[in-house]
2 protein chains.
Amino acid sequence: MISTAPRRNSSGLARDIEILEVLGGPEATQNEGLGVIQVAQLTGRDKAVVSRSLATLADAGLLVRDEVTLGYRLGARLYALAARTSESRLVSASRSHLRRLALSTRETTHLCVLRGGNVLTVMSELSPHEFRTTGWEGVTTAAWRTPSGRVLLSDWDRASLSRWYDEHGRDVAIVGPTDPVMARTGFAVLRTPPEDKAVVTDFESLLDELARIRSRGYATLDEELELGVVGASAPVRDLTGRIIAAINVSAPKARIGERLDGLGRYVAVAAEELSRQLGVGHGVG
Amino acid sequence: MISTAPRRNSSGLARDIEILEVLGGPEATQNEGLGVIQVAQLTGRDKAVVSRSLATLADAGLLVRDEVTLGYRLGARLYALAARTSESRLVSASRSHLRRLALSTRETTHLCVLRGGNVLTVMSELSPHEFRTTGWEGVTTAAWRTPSGRVLLSDWDRASLSRWYDEHGRDVAIVGPTDPVMARTGFAVLRTPPEDKAVVTDFESLLDELARIRSRGYATLDEELELGVVGASAPVRDLTGRIIAAINVSAPKARIGERLDGLGRYVAVAAEELSRQLGVGHGVG
DNA sequence: GGGAGAGTTGCCATATGCGCAACTGCCATT
DNA sequence: AATGGCAGTTGCGCATATGGCAACTCTCCC
C-alpha cells in the first residue's frame with residue numbers, strides 16, 4: 001500500500017460512504033431502515049445535508065427508501081456491485097474448501113483479506129458447536145493483531161511493511177460486530193490481551209513473527225487476542241504466488257490443547273489446495 | 001408525496017457511480033482491472049476528471065488499484081457493506097415473496113435455512129386454508145429428510161456431504177414445535193414414513209436425489225415424511241451464488257394431486273426472483 | 001388546537017470540482 | 001541515444017455545486 005496521505009478532497013464522497021456504512025451497520029439492519037434524523041445523528045452532520053445526500057443516493061439506486069416509514073436501507077444496485085467484486089468470486093471459489101475444513105476440524109473457519117490496516121472476514125463457516133446463526137462476514141479487525149492479518153502481511157517487503165506499520169501499527173479496533181447489543185455495550189470492541197501472551201508488540205517483533213510465519217507456512221495465535229481462544233491461519237495465493245487471502249480456524253483453547261501446531265499444518269494444507277484450485281480455476285466456469 | 005423527480009443535483013455522485021458500474025462490467029472483471037484512459041473512454045469523460053475520481057474512490061476503499069498494472073477494480077469495502085447485511089436482508093426481502101406465493105398457491109409457504117444437521121424454519125406464511133395461529137418458525141427438522149434440507153445440501157461438494165452425512169445422517173428428530181401442546185404430547189416429534197415412500201435411505205440415494213434436485217432446480221417430497229403431505233422446495237442464492245435458504249410449499253396431497261411437479265417449477269421461479277433481488281444475476285452471470 | 005418531531009426547501013457565501021493544457025514517466029522504435 | 005507515442009498526474013482560473021442555517025410543511029399525538 002502507498003498513500004503517504006496526500007489528503008484528497010473527496011468531501012462529498014466521504015460523507016456518502018459514511019452514510020452507506022451507517023446504513024450497513026447494526027442500527028439499520030434491525031428495523032425498517034433509518035430515517036434522516038437518525039443518520040444525521042449517527043454521522044454528526046446537518047439533517048439538511050443528510051436529507052439531500054440520502055435522496056441522491058436513493059436516486060442513484062444505492063439506497064432504497066421505504067415509502068411508508070420513510071426509512072432508508074441499502075439498495076439493489078449496491079448489492080449488484082458487491083457481487084462483481086473479486087472478493088465475491090474468491091468467496092464462491094473457496095466455499096467448499098472452507099466448509100470441508102469446518103466439518104473435519106469441527107471448528108469455525110474464516111476466509112480473510114486485507115483491507116487497509118484491517119483484516120476483513122469475507123466468509124465464515126460455523127463449527128457444529130456454534131449456536132450463533134450469523135458469522136463474522138464483514139467484520140474487520142486490526143490486522144497485525146490477528147493470525148490472518150500477519151499471514152496476509154507475510155509476503156510484503158520490509159519497506160512497505162514499515163510504511164504500513166507507521167500508518168496502522170497503533171490500530172486496535174475490532175469493528176462492526178453485527179449484534180447491536182454487543183455494539184452498544186462495547187463488549188466486543190476490544191478486550192486487552194494479557195501482557196505476557198503478546199507476541200507482537202512493536203515493529204521488530206512483528207517482523208520476527210512474520211519471518212516465523214514464512215518459515216512455517218502458517219501462523220498461530222495462542223490467547224493473544226482473547227483469553228481462551230486460539231487460532232491458526234495459512235496463506236492463499238493466486239497463480240502469481242501473491243498472498244491474496246488467509247484461511248483461519250478459531251477455537252476454544254480447551255478443545256485444541258497441545259494440537260495447535262498440528263492445526264496450523266492442517267490449515268496450511270487446506271490453503272494450499274485452495275491456492276492450487278485458484279491457479280487452475282481460470283478456465284473453469 | 002414523493003417521487004416527482006425534482007431534478008437532483010448529484011453532479012459528482014452520478015459520475016462516481018457510473019465509474020463503479022463500468023468497473024463492475026465485463027471489461028473490468030475479466031482482466032487486471034481498467035486503466036484511467038479506458039474508464040475515461042467508457043464513460044465519455046475527461047481523463048483528468050476520471051483520474052481524480054478514481055483516486056478518490058480508491059482512497060475511500062470502494063476501488064482497489066493494482067500496484068503493478070495501475071488498473072482499478074472494485075474494492076473489498078463494497079463487498080463488506082453487502083456481506084454484513086445479508087442475513088437481515090434475506091428476511092426482509094423474503095416476506096413479500098412468501099406471502100405472494102402463499103396467496104397464489106393457497107398453501108403454506110416456509111423459508112428455511114440449514115443449521116448444523118437440521119433445517120430451521122425462519123419464516124412461514126400460512127395458507128388461507130390454515131386455521132392455526134402459529135407457524136413453524138423456529139422448528140427444526142433433520143435436514144436430509146425434508147425437501148428444503150435437500151435443496152440446501154444440493155450445492156455441497158461430495159467430500160463435505162460425506163462428512164456431513166457421517167455426522168448427521170442418522171438424525172431423525174423433528175425438534176421443537178412452537179405449539180406447547182404439540183411439544184407436550186410429542187405429537188410432532190416423529191412419524192415414521194411408509195417404507196415404500198422413502199426416496200432417501202442412505203448416502204448413495206441422498207446423492208442421487210441431490211443430483212436430481214440440481215438438474216430440475218427444485219425438490220419435491222411425496223408423502224415421504226408424513227402421510228398425505230407433499231411439498232416442493234427451491235433454492236435461494238445470495239450474491240455469490242451460494243444457496244443460503246430454501247423456499248418451501250407444503251400441502252395436503254389431496255389438494256395438489258398430479259400437480260406436484262408444476263408446483264415445484266412454480267416455487268423455483270419464486271425462489272429465483274428472490275435470489276435476483278438479493279443480487280444474483282446482476283453480477284457474476 | 002397546538003406542540004413536538006421528522007423531513008424538505010430557499011438562500012447565500014464559499015469551497016469544490018470541471019476542463020484545458022502542460023507536465024512526468026515509461027516503453028518501443030529507429 | 002534520441003524520438004515519439006501512450007498512460008497518467010497536476011496546476012490553474014472560473015463557474016457552480018455544496019454546506020449550513022433557518023424557515024417551512026406535514027403528521028402524529030396529547
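To find a chain, count down the sequence lines: A is the first, B the second, and so on, and within it residues start at 1.
Contact between A:Ala271 and A:Pro235 at its shortest, heavy atoms only, is CB-O, 3.2 Å. A pairwise comparison of heavy atoms in A:Tyr72 and A:Ala55 identifies OH-N, 3.8 Å as the closest pair. Taking every heavy atom of both residues into account, A:Lys47 and A:Ala40 meet most closely at CA-CB, 3.9 Å.
Rounded to whole Å, the distance from CD1 on A:Ile19 to P on D:dT18 is 13 Å. What separates CD of B:Gln38 from P of D:dC6 is a distance of 14 Å, to the nearest Å. Taking atom CZ of B:Arg65 as the reference point, atom C1' of D:dG8 lies 7 Å away to the nearest angstrom. At whole-Å resolution of the value, CZ in B:Arg15 and P in D:dT18 are 10 Å apart. Protein atom CD1 of A:Ile37 is 16 Å distant from nucleotide atom P of C:dA4, rounded to whole Å. For the pair A:Leu54 CG and D:dT18 P, the computed distance is 15 Å after rounding to whole Å. Taking atom OH of residue B:Tyr72 and atom C1' of nucleotide D:dA7, one finds them 12 Å apart after rounding to whole Å. At whole-Å resolution of the value, CG in B:Leu70 and P in C:dT24 are 18 Å apart.
Between D:dT9 and B:Ser51, a contact under 4.0 Å exists linking OP1 or OP2 to a side-chain N or O.
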*Show the numbers, then the answer: is there a side chain to side chain contact (heavy atoms under 4.5 Å, CB included) between A:Val113 and A:Leu90?*
CA-CA 10 Å; A:Val113 301; A:Leu90 176 65; 4.0 Å; yes

Polar atom pairs (N or O), protein with nucleotides 20-29 of chain D, under 3.5 Å:
unit_1: D:dG20; atom_1: N7; unit_2: A:Arg52; atom_2: NH2; d: 3.4
unit_1: D:dG20; atom_1: O6; unit_2: A:Arg52; atom_2: NH2; d: 2.8

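With respect to the salt-bridge test (charged N to carboxylate O, under 4.0 angstrom), the residues A:Glu21 and B:Arg77 qualify.
For the residue pair A:Arg73/B:Ser88, the side-chain donor-acceptor check at 3.5 Å is not satisfied.
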